[in-house]
Structures are given as C-alpha cells and as structure tokens.
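Here is the naming used below: chain letters follow the sequence lines, and residue numbers restart at 1 for every chain. Since we're looking at a predicted model, the values are computed, not measured.
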2 protein chains.
Amino acid sequence: MSLTAKPIQAHYAYQQIAEEIQAQILRGDLKPGDQLPGEAELGTMFGVTRSTVREGLRQLESDGLVHRPTPRRLEVTLPQADQLTTRAGRAMALMKVTFRELWEVTMVTEPLAARLAAQHATPAEIDQLQQLHAEMLGCEGDMDRTIALDEQFHTQIADMGKNRVLGLAREPIALLLFRGFEQIAPSAPRFYKRQIEAHSNIIGALRDADGERAEKWARMHIEDFWRGAQLAGLEDCIALSPPAVS
Amino acid sequence: MSLTAKPIQAHYAYQQIAEEIQAQILRGDLKPGDQLPGEAELGTMFGVTRSTVREGLRQLESDGLVHRPTPRRLEVTLPQADQLTTRAGRAMALMKVTFRELWEVTMVTEPLAARLAAQHATPAEIDQLQQLHAEMLGCEGDMDRTIALDEQFHTQIADMGKNRVLGLAREPIALLLFRGFEQIAPSAPRFYKRQIEAHSNIIGALRDADGERAEKWARMHIEDFWRGAQLAGLEDCIALSPPAVS
DNA sequence: CTTGCGCTAATGTCGGACGTTAAGGTTCAA
DNA sequence: TTGAACCTTAACGTCCGACATTAGCGCAAG
C-alpha cells in the first residue's frame with residue numbers, strides 16, 4: 001500500500017486570512033456583491049497588520065473571489081469566466097499541449113455545443129449569429145480579425161446551448177485551437193471557403209432546430225479543420241500562448 | 001454602432017510587477033525551475049519597495065506561475081492541474097451549475113476518455129486500474145471512499161488517454177458530477193451494482209484495446225448515472241462545492 | 001431633486017525594523 | 001576524500017508608522 005502524504009503547507013498569516021475569507025464565501029456567509037470592510041478594519045479583526053491583510057487580499061483578487069470595482073470598494077464576486085479561460089489557456093500553453101490534444105477534445109465539445117444550441121437557441125440569438133457570420137464574410141484576408149470572429153462564432157453557439165459548464169470547459173481549448181487557423185490558411189487555399197460554408201450549414205441547422213444536423217455539421221467542420229492542420233503539418237506542434245485577457 | 005469600451009484598469013505598481021514577471025514566463029525568458037531573485041533585489045530592480053514586490057508575488061503565486069518550495073526559494077513553475085481544477089470547481093459551484101449541465105458535458109468527455117485510453121493504455125496501467133476497481137469492490141457502504149475511488153477510476157482512464165487537455169477539462173466537471181453518487185445511491189438500490197459492472201466492462205474493453213467498445217460502455221455508464229440522478233430528482237439541482245484541495 | 005464643492009478616510013506606496021530560520025559555507029570526523 | 005555536524009548570513013514573514021492621492025460621502029447651492 002502506498003503511503004499518501006499531502007505536504008503540510010505552512011500557515012502564514014496572510015494565507016490564513018485568504019483562506020478564512022474564501023471559506024466564508026464558499027460557505028455562503030459572504031455572497032457575491034457583499035462589500036468587505038476596509039483593510040485596516042480587517043487587520044484589527046484578524047489581529048494582523050494592514051500589510052499582511054493586503055497580501056491575503058491580493059491572493060483572493062487573483063483567485064477572482066473578490067474584486068475591486070474601484071480602489072475603495074472591495075466586494076465579493078463570482079470568478080469571471082474569462083479569468084478562468086485565461087488561466088487555463090496559459091497553463092495549456094505552458095505545458096506545451098499539441099494541436100492533436102486540442103483537436104481531439106474539440107471534436108466532442110463543438111458538436112455537443114451545436115446540438116444544444118439547436119435545442120435551446122432563440123431566433124434572436126440565431127440572427128445575431130448570422131450577423132457575426134456576415135461580418136466574417138466581409139473580412140477575408142484580415143487574419144487576426146477572421147480568427148477573432150471565428151472564435152466568437154463558436155463561443156456564441158456554445159452560449160446558445162445554455163450550458164455554462166460546456167462554456168467554461170471549451171473556451172480555452174477552442175481559443176488555442178482556432179489560433180491554428182493562421183498557420184493553416186496559407187497551406188490550404190480552399191480551406192477558408194470550406195470553413196465559411198460549414199458555418200452556413202450550421203446556422204441553417206440551428207434555424208430548423210435540427211440538433212442532429214447541427215451536430216453533424218459541427219463535427220465535419222472540426223474534422224475539416226484537422227485536415228487543414230495536417231496539411232500544414234501542425235498535428236504535433238504545440239499551441240501558442242493565447243492573447244492575454246487579464 | 002455600439003460603443004465598445006473596455007474598462008481601463010489602473011496599473012498599480014504591484015500589478016505591473018506581476019504582469020512583467022508573468023510576461024517573461026509566458027515569453028519563455030523565464031522557464032519552469034528557474035529561481036527568482038530575492039524580494040529585496042526585485043524591489044531595487046523594479047524600483048519599488050519590498051512590500052510592493054510582495055503583493056505582486058502573492059498574485060503570481062496564486063496564479064500558479066511561481067511557487068515557494070520553501071520560504072527562501074522562489075521559483076518559476078507550471079500551473080498545477082489540481083490548482084486549476086480547484087478554481088474551476090469552485091467557480092462552477094458558485095455559479096450554481098446544475099447536474100444536467102455537468103452531465104451533458106460528461107456524456108461526451110468520458111466516452112472520449114475511454115476511447116483514447118483503449119488506444120494508448122499500457123498493460124501496466126490497465127492492471128493499476130483493475131486494482132483500483134478491486135479496491136472499490138471492497139468498500140461498499142463507505143460512501144466517501146466509494147466516491148473518491150470512482151472519481152479516481154475515471155481520472156485514471158482519462159490519464160491513460162494521454163491527452164492533457166481532456167484531463168484538465170474533465171476533472172473539475174467529473175469531480176462535481178460524481179459527488180451526486182451520494183444522493184443517488186439511496187434512491188436506487190441496484191445502482192451501485194450496475195456502476196461496478198460498467199466499470200468491469202470498460203476495463204475489459206481496454207484490455208482488448210477496443211476503442212469502440214470502451215467508448216460505448218463509458219457512454220452507457222454515464223447514461224445510467226443520469227437515470228439514477230433522475231430517480232433521485234437531481235436533474236436541476238445544483239452541484240455542491242467540491243472538497244478543497246488548495 | 002440635481003449639481004457642485006469640500007472634507008474625511010481609505011488606498012497605494014514607502015521606509016525601516018525585528019525575530020526566525022533556511023541556505024550555504026566551514027569545520028571536523030570517518 | 002567524503003560525509004555529517006555546525007555556524008554565519010541573509011532572506012523571509014510580520015510589524016510599525018508615515019505620506020500623497022483620491023474616492024466617497026455629506027452638505028450647500030442652484
């Protein structure tokens with residue numbers, strides 16, 4: 001039997017403060033929107049100096065559990081999705097994940113997103129998506145803009161599925177994968193056009209609320225992306241770090 | 001035309017320090033394992049006081065980009081997976097995601113994990129999995145232990161697939177979903193046994209390196225879990241906060 | 001009731017201080 | 001020579017006190 005021993009981490013004052021406040025948030029004693037006392041007051045409450053309190057607060061801010069709308073207000077807040085996305089994206093870039101890894105997962109997330117979107121999307125949302133698509137048609141050549149819009153297109157579909165878990169899980173992955181577009185496009189002349197067509201077909205399926213079809217087209221879309229990546233020789237290349245959000 | 005305005009965030013000294021170091025890490029100038037200068041030296045380098053440096057460092061530590069093996073050593077490190085898992089899990093719990101959302105995503109991640117595992121697993125890894133399974137057979141009744149082992153079983157499979165992206169994405173989700181086991185078991189007498197059987201079948205498929213079959217069994221396994229959740233009336237219940245890791 | 005002003009207090013940053021202890025070098029013994 | 005015990009140094013965690021800046025709030029004026 002293997003001995004399991006978790007390293008006991010020193011209980012520094014600033015850490016304890018962060019943990020205590022965090023515990024109260026998770027327990028529900030402090031709810032998002034609640035305002036916290038000033039640093040000085042927190043100091044007296046916990047029996048430490050303001051410097052120590054500040055270090056603890058910096059950690060909580062970084063965790064996204066508290067937030068400063070203005071330097072004078074310190075309030076409890078939900079971790080923001082984009083913050084999690086940034087962290088996860090950075091981590092994956094640093095661990096040098098390959099496009100293959102990204103793609104394998106995307107092959108299941110995007111079709112799922114499409115199916116859910118077909119089930120839950122409102123006409124207004126689909127119109128918005130269509131508008132995004134139209135905008136994308138108009139900027140062939142502008143690579144950065146194209147990538148951004150592509151990313152947005154897929155994220156929009158995921159949002160339409162009304163599944164926040166999927167949204168959180170797929171976002172950093174998609175962000176990294178679709179950045180490959182840039183390297184693929186030059187190697188595959190007709191690639192761009194095929195991507196656009198696929199988007200059109202997905203929108204069509206969404207309009208008909210046809211989950212099966214939406215899913216199928218999304219799958220083909222991502223499969224096609226992979227063929228492009230293969231042509232560009234990206235398969236086992238490592239993904240680039242995503243653009244900083246924070 | 002809609003006015004787009006991204007909130008201008010004040011760049012405090014401590015923030016700039018964190019950002020600068022972070023940038024150097026992402027750029028590759030600082031590599032994991034590298035040791036950073038002491039706080040005092042960093043202070044003189046950046047032209048600020050030690051207090052200010054410390055606040056920036058607390059942020060980086062919380063981000064998982066630097067790490068203190070001991071108070072005297074401050075070294076660059078890769079963000080640890082369990083840290084990301086904790087953050088994501090906390091976030092999902094705080095945003096009160098439902099079991100349905102968790103399940104919908106798990107329905108695609110676990111089958112994928114099983115398929116990849118069938119393709120990449122080594123016999124030794126499968127033996128290890130078998131051992132885990134055996135251990136699970138021996139602790140019927142001990143709910144916490146069962147849940148922990150179940151979680152471990154699925155995580156092990158995901159690891160066997162050699163896809164780190166999938167590993168990162170599914171972990172927090174699975175952690176939250178499988179905690180539902182506890183509430184399901186009482187409502188469904190035969191539930192526990194069926195879960196065990198499914199695990200057996202998955203192991204069998206892995207031994208035969210039969211990706212299709214592994215995927216199919218994993219899907220059925222998760223589908224069955226959902227039936228249990230329905231019996232327990234969990235569908236739109238919100239998931240509980242996961243056990244703290246950090 | 002809204003607008004403008006001024007005051008208060010909290011924040012960001014600074015400088016310095018102290019006990020504790022880890023890191024690294026030194027000494028000594030095997 | 002090598003390894004272990006020791007010692008010195010300096011870096012860390014924490015504290016104290018201070019200051020300029022400015023956000024927040026109350027009050028007066030329109």
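- Comparing Ser51(B) and Glu39(B) against DNA chain D, the residue whose closest nucleotide sits nearer the 5' end is Glu39(B).
- Using a 4.5 Å cut-off on side-chain heavy atoms (C-beta onward), Leu116(B) and Met160(B) make no contact.
- As a whole-Å value, the separation of Glu41(B) CD from dA11(D) P is 8 Å.
- With a heavy-atom cut-off of 4.0 Å to chain B, the contacted part of DNA chain C has its first and last nucleotide at dG12(C) to dA23(C).
- Note on Glu151(A) versus Arg179(A): no salt bridge recorded, every NZ/NE/NH1/NH2 to OD/OE distance being 4.0 Å or above.
- No option in Gln15(A), Gln59(A), Glu61(A), Glu55(A) other than Glu55(A) meets the side-chain hydrogen bond (donor to acceptor under 3.5 Å, both in side chains) test with Arg58(B).
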key: Arg72(B) and Glu39(B): CA distance, side-chain angles, deciding distance, salt bridge (charged side-chain N to carboxylate O under 4.0 Å, His left out) verdict   = CA-CA 10 Å; Arg72(B) 300 301 175 86; Glu39(B) 298 174 350; over 6 Å; no
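- Nearest-nucleotide positions on DNA chain C for Arg73(B) and Thr49(B) put Thr49(B) closer to the 5' end.
- Contact check of residues 52-72 of chain B against DNA chain D (heavy atom, cut-off under 4.0 Å) returns Arg54(B), Arg58(B), Arg68(B), Pro71(B), Arg72(B).
- Residue Gly47(A) is classed as a sugar-phosphate contact, given heavy-atom separations below 4.0 Å to backbone atoms only.
- Within the 4.5 Å cutoff, no side-chain heavy atoms of Thr109(A) are placed close to those of Leu112(A).
- Electrostatic pairing of Arg164(A) and Asp159(A) does not count as a salt bridge here, judged by no charged N lying under 4.0 Å from a carboxylate O.
- One finds a salt bridge joining Lys162(A) and Glu125(A) here, because a Lys/Arg side-chain nitrogen approaches an Asp/Glu carboxylate oxygen to under 4.0 Å.
- Look at CZ on Arg50(B): it is 16 Å from P on dC16(D), rounded to the nearest Å.
- Under the side-chain hydrogen bond (donor to acceptor under 3.5 Å, both in side chains) rule, His154(A) has a single partner from Glu110(A), Arg170(A), Glu171(A), which is Glu110(A).
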